[in-house]
Amino acid sequence: MEDNNAIRALVLGAAAGGGLPQWNCGCANCRLARNPNGGLRPQTQSSLAVTANGHDWALLNASPDIRSQIEANPVLHPRALRDTPIASVLVTNGDIDHIAGLLILREKQPFRLFTTPAIGDILAANPVFEVLDSNCVERITVALDQPFTLVNGIEATLFAVPGKLPLFMEGENPETALEGEQTVGVELTGSGKRIYYIPGCGRLTDRLTDRIGGADLLFFDGTVFNDDEMARAGTGLKTGRRMGHMPMSGEGGSIDALKGLAIGRTIYVHINNTNPVWQQGPERRAAEQAGYEIGYDGMEVHLT
Ligand code: MLT
Ligand code: MN
Ligand code: ZN
């Protein structure tokens with residue numbers, strides 16, 4: 001029986017930009033994910049779906065994998081000749097893993113697209129997004145810290161989290177702890193519950209921990225376990241922090257920083273393909289023993 005008064009959150013894509021496996025990556029995790037007997041299920045790029053009534057859904061981020069994500073989740077299938085249960089889409093930054101799926105949502109289908117003014121400007125500056133016909137798709141810019149109705153039964157509030165400009169706009173030496181409209185977290189409330197979705201976060205400031213303390217559910221940035229794991233894996237030189245993502249482990253890492261905040265459930269998402277938590281092992285155990293969960297495609301949370 002469907003409970004029509006409970007928020008449901010469905011992880012459409014638990015991986016970070018690139019997915020698992022990533023098209024050009026031969027790291028240990030990507031190789032295991034390509035091997036049918038490797039024991040690692042492939043994971044798609046960062047997106048979450050939420051509903052309060054089981055009929056109208058909002059997508060938090062539109063990943064390049066959105067087509068397969070919709071097909072993999074029957075609750076998002078059309079219920080009529082031309083139709084979608086997706087009533088609205090909200091993007092939390094301007095990176096490719098969070099906006100490229102908008103291009104797949106063309107074909108004159110009405111929905112509401114929520115962004116901050118700054119992210120809205122990025123979309124407006126790229127004419128390719130004009131495929132979202134303005135007669136169908138209503139672009140709505142929302143100011144930080146102003147509650148709005150995201151979808152039937154769910155109110156959302158956007159708030160600044162430390163981050164940076166999208167990769168394709170960042171230039172040589174980007175500021176990685178910008179707190180403004182370019183990287184936001186989302187507070188969702190409805191049916192007496194309080195949920196946070198923060199897929200990118202450079203640092204947990206006191207302001208953020210004050211805000212998220214006592215929440216029923218938190219989806220949090222799990223991009224890298226070790227700040228330098230991409231260099232260790234030989235896949236790149238950038239640290240997690242340089243990419244605007246605080247690591248899970250180490251000094252100032254999220255495993256410690258989220259401790260004691262009395263959050264009902266904490267689920268890591270936006271997990272990079274190099275992150276060792278994809279595998280059973282000491283890193284995953286460290287996260288799980290601290291009480292956190294590792295998200296995966298198709299993971300569903302019913303907040304009753
Ligand atoms: C990120 O989260 O750092 C970005 O998704 C990187 C990218 O666009 O590849
Ligand atoms: Mn990303
Ligand atoms: Zn890889």
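Everything quoted here is computed from the prediction, not taken from an experiment. Ligands are counted one by one from 1 in listed order, and the atoms in each one are counted from 1 as well. For the single chain, residues carry numbers from 1 onward in sequence order.
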Query - Beyond-backbone contact of Ile267 with Phe220, side-chain heavy atoms, under 4.5 angstrom - result: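 Answer no - side chains too far apart.
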Report task. Please state whether the separation between the Zn ion (ligand 3) and some N/O/S atom of Asn29 is under 2.8 Å? Result ->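 False for Asn29.
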Query raised in the report: How many degrees, to 10°, between Cys25 SG and Cys27 SG as seen from the Zn ion (ligand 3)?
Result: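 Cys25 SG and Cys27 SG form an angle of 110° at the Zn ion (ligand 3).
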Query raised in the report: At the Zn ion (ligand 3), what's the angle from Cys30 SG to Asn273 OD1, rounded to 10 degrees?
Result: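 Vertex at the Zn ion (ligand 3): approximately 100°.
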Query - Closest approach to the Mn ion (ligand 2) by Asp97, given as the N, O or S atom name - result: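 Result: OD2.
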Requested in this report: Below 4.0 angstrom from a heavy atom of Leu167, which ligand 1 atoms are there? Numbered from 1 as shown, please.
Outcome: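 Going through ligand 1 atom by atom, the ones under 4.0 Å from Leu167 are 7 (C), 8 (O), 9 (O).
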Query raised in the report: With atoms numbered from 1 as shown, which atoms in ligand 1 lie under 4.0 angstrom from a non-hydrogen atom of His270?
Result: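 Numbered from 1, ligand 1 contributes 2 (O).
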**Report entry** Between Asn61 and Tyr197, a side-chain donor and acceptor under 3.5 Å
**Finding:**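 Yes, side-chain donor-acceptor contact under 3.5 Å.
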Query raised in the report: Would a line drawn from the ring center of Tyr196 to the ring center of Phe219 be shorter than 6.0 Å?
Result: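 Judged by ring-centre distance (under 6.0 Å), Tyr196 and Phe219 do not meet the cut-off.
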Query raised in the report: Parallel under 30°, tilted from 30 to 60°, perpendicular over 60°: which one fits the rings of Phe148 and Phe114?
Result: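 Ring orientation of Phe148 relative to Phe114: tilted.
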Query raised in the report: So between Asp95, Asn93, Thr223, whose heavy atom ends up nearest atom 8 (O) of ligand 1?
Result: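 Answer by nearest heavy atom: Asp95.
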Query raised in the report: Given the rule in the salt bridge (charged side-chain N to carboxylate O under 4.0 Å, His left out) test, do Lys164 and Glu175 qualify, once you have shown the distances and angles that lead to the verdict?
Result: CA-CA 6 Å; Lys164 63 169 186 58; Glu175 165 71 67; over 6 Å; no
Requested in this report: Could you tell me whether Glu170 and Lys238 have a side-chain N and a carboxylate O separated by less than 4.0 Å?
Outcome: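 Salt bridge between Glu170 and Lys238, a charged N being under 4.0 Å from a carboxylate O: yes.
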**Report entry** Cationic N near anionic O, under 4.0 Å, Lys259 to Asp256
**Finding:**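 Looking at Asp256 together with Lys259, the answer is yes, because their closest N to O distance falls below 4.0 Å.
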Query raised in the report: Does the shortest distance from the Mn ion (ligand 2) to an N/O/S atom of His245 fall below 2.8 Å?
Result: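 No.
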Query raised in the report: Starting from atom 2 (O) of ligand 1, which protein heavy atom do you reach first, and at what distance in Å?
Result: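 So the nearest neighbour among protein heavy atoms is His245 NE2, 2.8 Å.
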